[in-house]
*Asks:* 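Okay, handing you the structure first.
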Amino acid sequence: MAITSGRNFWCLCSSIVLVATPPAAAETKLFDSVQVTPASEYTFGIEGPAADLDGNLFVVNLGKPGTIGKLPAGGTASELFTTLPEGSVGNAIRFDRSGTMFIADYKKHNILAIPKGSTEPSLWFHSDEMNQPNDITIARDGTIYASDPNWKGREGHIWRIAKAADGTVQGQVMASPRAMGTTNGIDLSPDGKTLYVGESSSGQIWSYAINGNELTAAKLVKAFQPDTVDGLRTDIAGRLYVARILKGTVALMKPNGAVEREIALKAKEPTNLAFGGSDGKTVFVTQRQGGFIESFRTDQQGREHCLQRGRC
C-alpha cells in the first residue's frame with residue numbers, strides 16, 4: 001500500500017524499526033557444557049573423540065567394544081561408522097592433514113588407518129613390544145606419537161611412529177630423561193616442538209622437547225591429584241585442556257601450568273576431548289559416566305582443527 005500521509009509514514013517507519021531491530025539473540029555462553037547425545041549410547045570404554053574436516057565427530061565403542069560411532073555435524077545421536085577387525089578395540093582416534101583416520105587399537109597393539117572416504121580399517125603399524133597403545137597425536141609431517149602405559153606396573157613410555165626413507169612405517173620407544181608413570185593423554189604444542197604427556201598414576205602433566213627419537217628438557221607443568229587426569233588437547237594459543245576424570249571437569253591451563261578455569265561438566269568421568277565444529281571452537285567430551293558426549297564452546301580453535309586445514 002502506498003503511504004501518502006506524513007503522519008502515517010512516520011508511524012509505519014517506527015513500527016518497522018521496532019520489528020527490524022529486535023533484542024539481540026542470546027549467544028552460546030562460553031565454557032557452558034551441555035549433553036549432546038543420549039545416555040548409554042556408548043560403552044564404559046567411550047574414548048577417542050576426533051572431528052573430521054566436515055565437522056563429524058568419531059568416538060570409539062558405540063554400543064559394544066570394537067566399533068566406531070559417528071556423530072554427524074550438528075547431530076544429537078550417533079550412528080555406526082565402522083567395526084574394527086576381530087579382537088581389536090580402539091582407544092584413540094586422530095586425523096592427519098590428508099584426512100586419514102588413525103586409531104589406537106590397544107587390544108591388538110596396533111595403529112590402524114582408514115583413508116578419507118573409506119570405512120575400512122587397515123593395519124598401519126604393529127608391535128608386540130607395545131603394552132597398548134593408549135592415546136595418540138599427529139605432527140604436521142605425519143609422525144605419530146603414542147602413549148603406551150603399563151597400568152599394573154604404573155609406568156609407561158612414548159612411541160614415535162613414522163615412515164622411513166624406504167616407505168615402511170617404523171616405530172620405537174623414545175628415549176626419555178626420566179622414568180615415566182602411566183602415560184595417558186598426549187598432544188603437541190602448536191609449533192610441534194613440545195610434547196605434553198599426562199601421567200594418570202601421579203596426576204602430573206609433563207612437557208618435553210622433541211629431538212628426533214629423543215625426548216629432552218623434561219619439565220613438570222602441573223601436578224593434580226593422582227589418578228585424576230586422562231586425555232588432553234591443546235589449542236592454537238598453546239593452552240592445555242585436561243580431562244579431569246573422577247573430578248568431572250576439564251582444566252584449562254596455560255603452558256606454564258597456571259589454571260585459567262575448571263570447566264564444569266555434566267558427569268564426573270570425562271575420558272577425553274576433541275575440538276570440532278565449523279570453526280574448531282567446540283570442545284566435545286566423552287563421558288564414561290553415562291556413556292554420552294557433551295560439549296562446550298571455547299574462545300580458541302584447537303591445534304588439530306587448525307592443522308587439518310593446513311593453517312598450522
Side-chain angles (χ1 to χ4, degrees), residues 36-37 40-52 56-72 78-96 98-128 130-138 142 144-151 156 158-159 161 169 171 182-187 198 200 230-233 243 245 269-276 284-293 304 308:
V36 178
T37 62
S40 302
E41 265 199 341
Y42 291 84
T43 72
F44 189 77
I46 182 174
E47 259 279 10
D52 66 11
N56 303 302
L57 184 75
F58 298 86
V59 176
V60 300
N61 301 323
L62 175 66
K64 64 178 183 179
T67 60
I68 295 179
K70 173 184 174 182
L71 177 66
S78 302
E79 58 192 45
L80 181 65
F81 173 69
T82 193
T83 300
L84 301 181
E86 183 69 26
S88 292
V89 180
N91 197 72
I93 301 172
R94 294 288 182 116
F95 286 93
D96 71 3
S98 72
T100 298
M101 174 191 289
F102 291 90
I103 305 110
D105 167 17
Y106 77 96
K107 281 288 188 179
K108 291 292 187 177
H109 319 295
N110 297 326
I111 301 293
L112 305 174
I114 301 178
K116 184 177 181 179
S118 174
T119 60
E120 294 297 323
S122 61
L123 180 64
W124 180 262
F125 176 76
H126 169 85
S127 176
D128 288 331
M130 276 188 164
N131 296 299
Q132 295 217 325
N134 186 289
D135 203 357
I136 55 177
T137 188
I138 302 178
I144 295 174
Y145 298 94
S147 60
D148 187 27
N150 174 353
W151 293 99
I158 300 298
W159 282 70
I161 302 163
V169 179
T182 48
T183 51
N184 195 338
I186 186 172
D187 208 359
S200 291
D230 206 322
L232 64 85
R233 292 292 190 275
I245 195 165
E269 297 181 4
T271 56
N272 215 328
L273 53 102
F275 288 82
F284 294 94
V285 183
T286 48
Q287 273 286 357
R288 189 172 69 183
Q289 183 188 48
F292 61 82
I293 300 163
E304 207 167 24
Q308 287 186 66

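Note that the numbering runs from 1 along the sequence shown for the chain. Remember, it's a predicted structure, so these values are computed and weren't measured experimentally.
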*Asks:* Determine yes or no for a side-chain-to-main-chain donor-acceptor pair under 3.5 angstrom, with T82 supplying the side chain and T119 the backbone.
*Replies:*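 Pair found, side chain donor or acceptor close to backbone of T119.
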*Asks:* Hey, does I68 have a side-chain heavy atom less than 4.5 Å from the side chain of L84?
*Replies:*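 Answer yes - side chains close enough.
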*Asks:* Taking the side chain as C-beta and beyond, is there a heavy-atom pair between V36 and F292 under 4.5 Å?
*Replies:*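 In short, these two side chains do not touch, never coming nearer than 4.5 Å.
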*Asks:* At what distance, to the nearest 0.5 angstrom, does CD1 of I158 lie from CD1 of I186?
*Replies:*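 It comes to 4.0 Å.
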*Asks:* On a heavy-atom basis, which atom in I111 and which in A104 lie closest, and how many Å separate them?
*Replies:*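 The answer is CD1-CA, 4.2 Å.
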*Asks:* Could you verify whether a donor N or O on one side chain and an acceptor N or O on the other, from S78 and Y42, lie under 3.5 Å apart?
*Replies:*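 The answer is yes; a qualifying pair exists.
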*Asks:* Under the salt bridge (charged side-chain N to carboxylate O under 4.0 Å, His left out) test, which residues partner E304, sequence neighbours left out?
*Replies:*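 Partners of E304 by the salt bridge (charged side-chain N to carboxylate O under 4.0 Å, His left out) criterion, ordered by chain and then number, come out as R94, R233.
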*Asks:* To the nearest 0.5 Å, how far apart are OG1 in T137 and CG in D187?
*Replies:*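 Here the rounded value is 4.0 Å.
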*Asks:* Tell me every residue that passes ring pair (Phe, Tyr, Trp, His ring centres under 6.0 Å) with F81, counting only those two or more places apart in sequence or in another chain.
*Replies:*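 If we apply the ring pair (Phe, Tyr, Trp, His ring centres under 6.0 Å) test to F81, skipping adjacent residues, the hits are F58.
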*Asks:* Can you give me the closest heavy-atom contact between P270 and A243, atom names plus distance?
*Replies:*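 It is O-CB, 3.8 Å.
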*Asks:* Not counting sequence neighbours, which residues clear ring pair (Phe, Tyr, Trp, His ring centres under 6.0 Å) with F275? List them please.
*Replies:*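 Only Y241 meet the ring pair (Phe, Tyr, Trp, His ring centres under 6.0 Å) criterion with F275.
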*Asks:* Drop me the distance from R288's CZ to E269's CD, to the nearest 0.5 angstrom.
*Replies:*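 Here the interatomic distance stands at 4.5 Å.
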*Asks:* Considering all heavy atoms of both residues, which atom of D135 and which atom of N184 are nearest to each other, and what is their separation?
*Replies:*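 Shortest heavy-atom separation between D135 and N184 comes out as CB-O, 3.4 Å.
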*Asks:* How many angstroms lie between atom CD1 of I161 and atom CD1 of I138, to the nearest 0.5 angstrom?
*Replies:*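 Answer for the CD1-CD1 pair, I161 versus I138, is 10.0 Å.
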*Asks:* In the structure I gave you, are the side-chain heavy atoms of E47 and N61 within less than 4.5 Å of one another anywhere?
*Replies:*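 Counting from C-beta outward, E47 and N61 never come under 4.5 Å.
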*Asks:* If I compare all heavy atoms of P85 with all of P121, which pair ends up nearest, and what's the gap?
*Replies:*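 P85 and P121 have their closest heavy atoms at CD-CG, 3.8 Å.
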*Asks:* For a 4.5 angstrom cut-off between non-hydrogen side-chain atoms, does N91 reach V60?
*Replies:*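 A side-chain contact is absent here, since even the closest heavy-atom pair is not under 4.5 Å.
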*Asks:* Minimum heavy-atom separation for I103 and G90, please, with both atom names.
*Replies:*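 So the minimum-distance heavy-atom pair works out to CG2-CA, 3.9 Å.
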*Asks:* Could you tell me which residues satisfy ring pair (Phe, Tyr, Trp, His ring centres under 6.0 Å) with F102, sequence neighbours excluded, listed by chain and number?
*Replies:*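 Scan of F102 (ring pair (Phe, Tyr, Trp, His ring centres under 6.0 Å), adjacent residues dropped) gives W124.
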*Asks:* Side chain to side chain donor-acceptor pair (under 3.5 Å) with Q287: which residues, sequence neighbours excluded?
*Replies:*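 Counting only residues at least two positions away or on another chain, Q287 forms a side chain to side chain donor-acceptor pair (under 3.5 Å) with E294.
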*Asks:* Within this structure, what is the NZ-OG1 distance for the pair K116 and T100, rounded to the nearest 0.5 Å?
*Replies:*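 Taking NZ in K116 and OG1 in T100, the distance rounds to 9.5 Å.
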*Asks:* Got a donor-acceptor contact below 3.5 angstrom from the T271 side chain to the I46 backbone?
*Replies:*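 Pair found, side chain donor or acceptor close to backbone of I46.
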*Asks:* Quick check: closest heavy atoms across N110 and S88, and the distance to 0.1 Å?
*Replies:*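 Heavy atoms of N110 and S88 come nearest at ND2-OG, 4.3 Å.
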*Asks:* So how far is it from I293 CD1 to T286 OG1, rounded to the nearest 0.5 Å?
*Replies:*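 Rounded to the nearest 0.5 Å, the CD1-OG1 separation comes out at 7.5 Å.
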*Asks:* Under the salt bridge (charged side-chain N to carboxylate O under 4.0 Å, His left out) test, which residues partner E41, sequence neighbours left out?
*Replies:*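 Salt bridge (charged side-chain N to carboxylate O under 4.0 Å, His left out) check on E41 returns nothing, list empty.
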*Asks:* May I ask you to test the W151-Q132 pair for a side-chain heavy-atom distance under 4.5 Å?
*Replies:*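 In short, these two side chains touch, coming nearer than 4.5 Å.
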